[in-house]
Amino acid sequence: ELLRVESEKTSLAFSLFEDNPEFFVPKVIDYSETKGEIVYERIKDASVVGRFNSINSENVHVASQLGKFIAIVHSQYKLPDNMVTALPEELDCNDSKRVFIHGDLTGDNALYSHLDKKLYVIDWMMTRVHGGKATYGTAYFDIAWFLNFQFFSLFNLGYLKREIEVEADAFINSYFDSIDFPLSKDGFGRYLNKFIKYKINYRKKQLPFKSYAMLWWSHQRFLRYSSK
């Protein structure tokens, strides 16, 4: 059932961005419920965005493009009524418009082509970390989930050198500049702070103590960012 939903979500996203010169969603070539697999068209000459190790004009551009992309999704992406599954209550909120979501927007699910300067976005199933089922909820979730991916890291010297805040600002500012409905940045800040605290408690319960302790720096950095 989850695979069917991912296939249908991807197909509808493909239709939305089919003629877009900046963004691309791969076409579903085949879906087999019996085999439990989806076959997508091949993406050529594009690299996984991942986590930026350094900030330069191109990386800031990619972060901005991701913000614009998810704003278009929240503004225009629609699913049929029988595919509406709400976010878990602990991840939702009443302070923003509810929209159809990507559900797992991270740097690992975004690819960028240096040849055609296009952004490719894949994996349209809700993150399995939180059930894998949700398709609908607060517009704040996709934004917070992308930032969570960028800030979340075990302690290392490379992490301290990363200018995550620059990338995050580019992503957020582009998103809020591109959405076509009213949305509060202050409201997002409150949601993000609550979201981070929920994730901290969640990881405390799920991770070995040593691994959890190694996340202290990223948790504090993320909390400081959410409060600014």
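From a predicted model like this one, the values you see are computed outputs, not experimental measurements.
Residues passing the side chain to side chain donor-acceptor pair (under 3.5 Å) test with W124: none are found, sequence neighbours excluded. Under the ring-ring contact (aromatic ring centres under 6.0 Å, His included) criterion, Y31 pairs with no residue, sequence neighbours left out. Take F151 and apply the ring-ring contact (aromatic ring centres under 6.0 Å, His included) test, not counting sequence neighbours, and it matches F222, Y225. Partners of F14 under the ring-ring contact (aromatic ring centres under 6.0 Å, His included) rule, at least two apart in sequence or in another chain, do not exist in this structure.
L2 belongs to a hydrophobic cluster whose other members, connected by ILVMFWY side-chain contacts under 4.5 Å either directly or through intermediates, are M125.
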Problem - Steps toward ring-ring contact (aromatic ring centres under 6.0 Å, His included) verdict (F146, F171) - result: CA-CA 9 Å; F146 176 77; F171 173 76; 4.3 Å; yes

Practice task
Could you walk me through whether V84 and L79 pass the side chain to side chain contact (heavy atoms under 4.5 Å, CB included) test, one step at a time?
Solution key: CA-CA 7 Å; V84 176; L79 297 176; 5.6 Å; no

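Cation-pi geometry between R190 and F195 is not satisfied (NZ or CZ under 6.0 Å from the ring centre, within 45° of the ring normal). For the pair R98 and F141, the NZ or CZ position fails the cation-pi test of under 6.0 Å to the six-membered ring centre and within 45 degrees of the ring normal.
A 4.5 Å side-chain heavy-atom check between L87 and T138 finds at least one atom pair inside the cut-off.
Paired with H74 under the rule ring pair (Phe, Tyr, Trp, His ring centres under 6.0 Å), one option of F100, Y175, Y136 passes, and it is Y175.
Looking at K117 and E58, a side-chain N of the basic residue comes within less than 4.0 Å of a carboxylate O on the acidic one, giving a salt bridge.
Although no hydrogens or angles enter the test, the distance criterion places no donor-acceptor pair under 3.5 Å between the side chain of N109 and the main chain of L105.
The stretch residues 2-14 participates, sequence neighbours left out, in these side-chain hydrogen bond (donor to acceptor under 3.5 Å, both in side chains) pairs: E1-R4, R4-E8, E6-Y40.
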